[in-house]
Amino acid sequence: MITPPIKRVETPHDLAKLHEAISIAQNARLVYMASMDRTESREQFHRSDYPRTDDENWHCWHGVTNTPDGPKFDKEDIPTHLIPFPAVQ
């Protein structure tokens, strides 16, 4: 969790802005950590240490949840059977 150095704000507007900034920073941190957890390159996320796409292990939805014990990563199969693909002629 990110703790701001500010101990006091003057207005409710400043408090809302402080919470907004904390949320943005926490989200950016979790996105970065999720990208480092993924051991492949895919589309706009290229890793020089894992230059290939790995569909066997990573063709999934990759989630991250912020918990009191730190981030928790999970993988969920993409339900491709629910996506209507147009017929190829």
Side-chain angles (χ1 to χ4, degrees):
M1 175 147 203
I2 297 173
T3 305
I6 299 170
K7 301 291 184 196
R8 183 170 178 246
V9 294
E10 298 296 324
T11 67
H13 176 78
D14 290 342
L15 180 62
K17 288 298 183 184
L18 176 62
H19 281 283
E20 184 178 90
I22 291 168
S23 292
I24 290 169
Q26 287 174 336
N27 188 26
R29 180 176 170 267
L30 291 173
V31 168
Y32 170 76
M33 293 176 79
S35 70
M36 295 309 293
D37 184 59
R38 193 175 197 115
T39 55
E40 67 153 6
S41 288
R42 184 172 296 270
E43 298 170 4
Q44 74 271 25
F45 295 102
H46 179 79
R47 291 190 55 171
S48 58
D49 52 345
Y50 296 100
R52 302 207 189 294
T53 298
D54 180 4
D55 282 338
E56 185 176 328
N57 294 304
W58 287 104
H59 189 256
C60 62
W61 287 329
H62 185 213
V64 59
T65 303
N66 200 17
T67 71
D69 297 327
K72 177 183 174 280
F73 300 99
D74 59 65
K75 296 179 187 179
E76 183 179 341
D77 289 338
I78 299 172
T80 55
H81 64 284
L82 298 177
I83 302 169
F85 291 100
V88 178
Q89 297 182 16

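Applying the salt bridge (charged side-chain N to carboxylate O under 4.0 Å, His left out) rule to pairs touching residues 38-65 yields Arg38-Glu40, Glu40-Arg42, Arg42-Asp55, Arg47-Asp49, sequence neighbours excluded.
Pro79 meets the side chain to side chain contact (heavy atoms under 4.5 Å, CB included) test with Trp61, His81, Leu82; sequence neighbours excluded. With sequence neighbours left out, Thr11 forms a side-chain hydrogen bond (donor to acceptor under 3.5 Å, both in side chains) with Asp14. With sequence neighbours excluded, no residue forms a side chain to side chain contact (heavy atoms under 4.5 Å, CB included) with Ser48. In terms of the side chain to side chain contact (heavy atoms under 4.5 Å, CB included) criterion, Ala16 has no residue partners (sequence neighbours excluded). Residues forming a salt bridge (charged side-chain N to carboxylate O under 4.0 Å, His left out) with Lys75 (at least two apart in sequence, or on another chain): none.
With rounding to the nearest 0.5 angstrom, the CG atom of Asp74 is 7.5 Å from the NE2 atom of His62. Distance check, rounded to the nearest 0.5 Å: CZ of Phe45 to CE of Met36 gives 12.0 Å.
Between Thr53 and Trp58, the closest side-chain pair of non-hydrogen atoms is not below 4.5 Å.
Under a hydrophobic clustering in which Ile, Leu, Val, Met, Phe, Trp and Tyr are joined whenever their side-chain heavy atoms come within less than 4.5 Å, directly or via other members, Met33 and Val64 fall into the same cluster. A continuous path of ILVMFWY side-chain contacts below 4.5 Å connects Leu30 to Phe73, so both sit in one hydrophobic cluster.
Heavy-atom neighbours of His13 NE2 from other residues, nucleotides or ligands within 6.0 Å: at or below the threshold of 12.
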